[in-house]
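Remember, it's a predicted structure, so these values are computed and weren't measured experimentally. Values reported hereafter were calculated over all heavy atoms of this structure, with side chains retained and with hydrogens, waters and symmetry mates removed. Just so you know, ligand 1 is whichever comes first in the structure, and atom 1 is the first atom listed for that ligand.
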Amino acid sequence: MKDHWYETPRRTGYRLAKYSEKGGMQSGEELSRLTVPLQRGSVKEGVNLHFRGIYVQIDGKDVLHDVSGTVKPGELLAVMGPSGSGKTTLLSVLSGRVAPEHLKSGEILINGGPITKRIKRKICYVLQQDIFLGNLTLRETLMFTAMLRLPEKMAYHEKEKKVEEIVDALDIRKCLDTLIGTDIKRGLSGGEKKRANIASELLTDPSLMLLDEPTSGLDSSTAYSLMTTVKQYTEQHNKTVVTTIHQPSSQIYHMFDKLLLMADGEIAYFGDAHNILEFFSRLGMQPKPNYNPADFILEKVKESDEVERKIINASNEMRKVSTLSPLTDSIETLSTSRKNSTQNGGIKTISGQNHRNGLDPKDVHLNHVPNGAVAVDMGESDKEAKWPTGFLTQYKVLTQRNFKEAKPRLYSRLNWIQNIAVTLILALVWFQTPLVEEKIRDVSGAIFFLITYWGFMPMADALLAFPSERLVVNKERLAGSYRLSSYYLAKVTSEAPLMLLLPTFMISVCYPMCGFGNAAGFFTTWSLLMLSALTAQSIGFFLSSVFFNFREGLVAVSVFMLTNLLLGGFYNTDIPYWLSWVQYLAFLSYSFQAQLLVHFTPDHLYRCSTDKSLFNTCIAAMNSTSAEATVGNIGTAAATTLSSVLTSTAAALNSTSEMILNATTQATTSLSTTSLSSTMVANATTVPPSLPMVHIPPEEVLNQLGVKFPIWVDILVMLGIMFGFRYLAYLVLRYFRKPK
Ligand SMILES: Nc1ncnc2c1ncn2[C@@H]1O[C@H](COP(=O)(O)OP(=O)(O)OP(=O)(O)O)[C@@H](O)[C@H]1O
């Protein structure tokens with residue numbers, strides 16, 4: 001074996017520090033220079049990455065066991081190994097995303113310094129899955145990323161230019177206006193998505209790029225073209241790239257500068273990728289001529305446990321020799337002598353060069369400059385803001401992005417069809433409902449339906465709010481793109497107007513068609529319906545933050561709504577005392593009562609029933625009408641008697657005088673008329689004769705319908721529930737849904 005392991009960067013003019021298994025260092029005076037030289041001031045350089053002795057244990061199993069390596073600017077390190085050998089875990093460790101309880105030990109140096117929180121944010125980590133918001137186009141995706149992750153002071157047109165450059169570099173210009181796509185809606189192809197994934201990470205111009213399986217799922221020519229692009233980008237822009245890869249073609253394999261072969265969490269080889277066959281041949285393992293080296297080494301590692309052990313042992317031997325070399329000695333000395341080794345996200349990080357220069361690791365940080373790579377500053381206090389953009393910019397950009405993303409979800413064709421159908425049924429069934437006592441129950445039924453429907457719908461819609469974009473938000477939060485608070489506020493702000501359009505449509509059609517009131521009444525009814533829908537949405541947000549699984553969330557919404565309905569006093573007024581308190585928590589009950597209060601008002605009176613009424617005012621009016629009718633009956637009887645007396649007197653006197661005859665005729669006529677009237681009055685004792693137009697006082701209707709509180713109490717309670725649940729959802733996201 002010849003030269004391998006560490007060498008100082010060509011670009012910085014340092015001499016090669018070569019080691020051989022036999023002889024150790026051949027040119028070692030630069031051993032102290034493990035990294036790119038760091039000078040005071042801003043030095044636009046690449047990043048040297050060193051990791052050493054990484055141990056990761058998950059559930060008692062050693063996932064990574066003493067893994068070490070190094071990569072320089074302009075180099076492409078491939079991490080290969082059978083499935084489950086720990087490749088992804090290693091990338092997670094390098095990006096600082098492994099839980100502290102799993103990372104038992106290890107050191108990671110970036111340019112000889114520790115990975116501070118800010119440096120961590122400058123490392124681009126392209127995940128294996130292509131995580132995007134599917135309803136945005138590629139251009140929108142990249143522009144929103146640029147707006148969020150590039151410095152605020154960078155002009156908009158510069159950000160556009162940057163996007164254009166990256167799009168060209170990755171050859172995805174032709175699909176700039178194509179939707180990313182979802183499971184249902186087709187969009188970018190697999191290869192385009194991979195490029196888009198890398199493009200969105202490259203926007204921040206990271207110096208260290210960690211790519212997890214960038215070619216998985218791609219056909220060989222797409223994979224080759226993608227890796228060619230990555231290789232060119234690495235060299236041209238002096239990037240340091242670590243990529244995991246499963247089974248590269250030989251063409252792709254030859255692009256790698258270094259290879260880290262993993263087997264069962266251990267190193268089976270680390271060194272120059274082109275020396276791998278030599279390493280295997282020294283172990284007596286020769287590939288057939290023209291055999292793909294990648295296939296060969298993976299086959300060997302997987303051949304049997306003994307072969308795997310033999311390869312690992314040989315690799316360890318090779319590393320031992322290297323450990324004796326002055327270079328690694330030097331690392332050792334540095335690591336042990338370090339006074340200020342720091343703990344960062346579970347990763348023990350040490351400062352190398354900086355300490356020797358008498359500088360504190362805290363003073364080493366990476367600054368992003370718009371057009372260059374990472375600028376390594378030393379000796380200056382860390383003045384860089386924690387976030388690339390301010391709260392307001394984040395809020396504005398995220399609101400716009402969410403508005404675009406949520407619109408297709410909330411205004412899907414299915415949603416419109418459903419709502420138009422329900423609106424039509426409601427408007428036709430309750431069409432021009434007359435304002436009579438018999439219709440009070442019907443109208444309150446319509447109100448109840450409206451608030452229940454607009455209780456359930458926003459709640460169920462909100463269930464998808466967080467789970468649908470959880471992966472994107474987690475990825476962006478881990479990359480330090482924005483604050484959770486700005487995301488959350490943007491989310492609730494942008495979804496509110498979107499959600500309110502459909503109930504507004506429904507109430508605007510139904511209110512006049514059903515004859516529910518005048519314009520003033522419409523406004524208050526609409527406002528209360530919106531408040532109710534927003535309250536329901538808040539509960540949905542909360543449930544969505546708790547249950548990331550949609551099915552579980554749907555069950556939670558159903559249980560919540562049914563509890564509201566069953567214990568809210570709508571169906572049963574005789575709720576057991578130990579459960580009766582629940583009705584005071586039922587938001588539907590407040591919403592319903594508020595709607596009743598604005599509907600049954602003095603401007604919108606209902607007429608008493610002409611049959612049996614339930615309302616005191618109507619009963620009293622009915623009774624007084626009956627009494628009047630009885631008094632009239634008595635008068636008629638007296639007239640009849642008088643007429644009879646007159647008639648009989650006339651007959652008795654046998655008077656033929658005209659006057660008396662006239663009187664008799666008049667009396668007879670009067671008798672027949674009176675008899676008719678008497679019959680009518682007799683019938684009116686059960687049905688009053690024309691009951692005067694009596695209206696039911698609204699308070700009697702409200703009392704009858706069980707309204708308990710004044711409207712301001714209902715509104716206050718709904719506002720309380722709305723803000724309370726929104727805040728609870730935020731707390732859940734912040735403390736229980738931290739991205740890992
Ligand atoms: N969170 C976890 N809980 C339990 N086991 C885990 C966890 N993460 C990783 N492992 C285990 O660690 C081992 C290495 O996993 P890792 O994903 O790093 O492998 P890999 O080489 O990237 O595999 P692949 O090539 O299939 O993606 C596997 O055995 C895996 O089951």
Around [atom], find the nearest protein heavy atom and jot down its residue, atom name and distance.
atom                    : answer
atom 18 (O) of ligand 1 : Thr89 OG1, 2.5 Å
atom 22 (O) of ligand 1 : Thr88 OG1, 2.7 Å
atom 3 (N) of ligand 1  : Ile58 CG2, 3.3 Å
atom 25 (O) of ligand 1 : Lys87 NZ, 2.8 Å
atom 26 (O) of ligand 1 : Ser83 OG, 2.5 Å
atom 30 (C) of ligand 1 : Lys61 NZ, 4.5 Å

For ligand 1, does Met262 get within less than 4.0 Å through its side chain, its backbone, both, or neither, judged by non-hydrogen atoms?
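Within the 4.0 Å criterion, Met262 makes no contact with ligand 1.
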
Below a 4.0 angstrom heavy-atom separation, can you tell me which part of Asp59, side chain or backbone, both or neither, approaches ligand 1?
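The answer is the side chain of Asp59.
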
Would you name the heavy atoms of Ile311 and Ala268 that are closest together and state the gap between them?
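Closest pair (atom of Ile311, atom of Ala268, distance): CG2-O, 3.5 Å.
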
Compare every heavy atom of Ser189 with every heavy atom of Glu192, then report the nearest pair and how far apart it is.
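For Glu192 and Ser189, the tightest heavy-atom pair comes out as OE1-N, 2.9 Å.
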
Is the closest N or O pair between Gly84 and ligand 1 shorter than 3.5 Å?
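Yes.
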
Is the shortest N/O to N/O distance between Val63 and ligand 1 below 3.5 Å?
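Looking only at distances, the answer is no, because the N/O contact criterion of under 3.5 Å is not met.
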
Knowing that exactly one of Asp130, Asp212, Asp171 qualifies, which makes a salt bridge (charged side-chain N to carboxylate O under 4.0 Å, His left out) with Lys194?
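Among Asp130, Asp212, Asp171, the one meeting salt bridge (charged side-chain N to carboxylate O under 4.0 Å, His left out) with Lys194 is Asp130.
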
For His246, atoms of ligand 1 separated by under 4.0 Å from a heavy atom:
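By the 4.0 Å cutoff, the relevant atoms are 25 (O).
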
Looking at Glu213, which atoms of ligand 1 are within less than 4.0 Å of one of its heavy atoms?
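Atoms satisfying the 4.0 Å criterion: 25 (O).
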
Has Gly86 got any heavy atom lying under 4.0 angstrom from an atom of ligand 1?
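It does, in that a heavy atom of Gly86 comes within the 4.0 Å cut-off of ligand 1.
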
Has His102 got any heavy atom lying under 4.0 angstrom from an atom of ligand 1?
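In this structure, His102 fails to qualify as a contact of ligand 1 - no heavy atom is under 4.0 Å.
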
Run the numbers on Phe541 and Phe725 for ring-ring contact (aromatic ring centres under 6.0 Å, His included), then give the verdict.
CA-CA 8 Å; Phe541 279 148; Phe725 273 99; over 10 Å; no

Taking the side chain as every heavy atom from C-beta outward, state whether Thr243 and Val126 have any atom pair closer than 4.5 Å.
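Side chain of Thr243 against side chain of Val126, heavy atoms only: no contact under 4.5 Å found.
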
Tyr487: which of Arg477, Glu469, Arg401 passes side chain to side chain donor-acceptor pair (under 3.5 Å):
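Filter result, single survivor: Glu469.
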
Salt bridge or not between Lys162 and Asp205? Use side-chain N to carboxylate O under 4.0 Å.
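Salt bridge: yes.
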
Rounded distance (nearest 0.5 Å) linking atom CG of Leu179 with atom CG of Leu136:
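It comes to 8.0 Å.
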
Does Phe548 have Arg470 sitting over its ring (NZ/CZ under 6.0 Å from centre, angle to axis within 45°)?
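Verdict for Phe548: no cation-pi partner in Arg470.
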
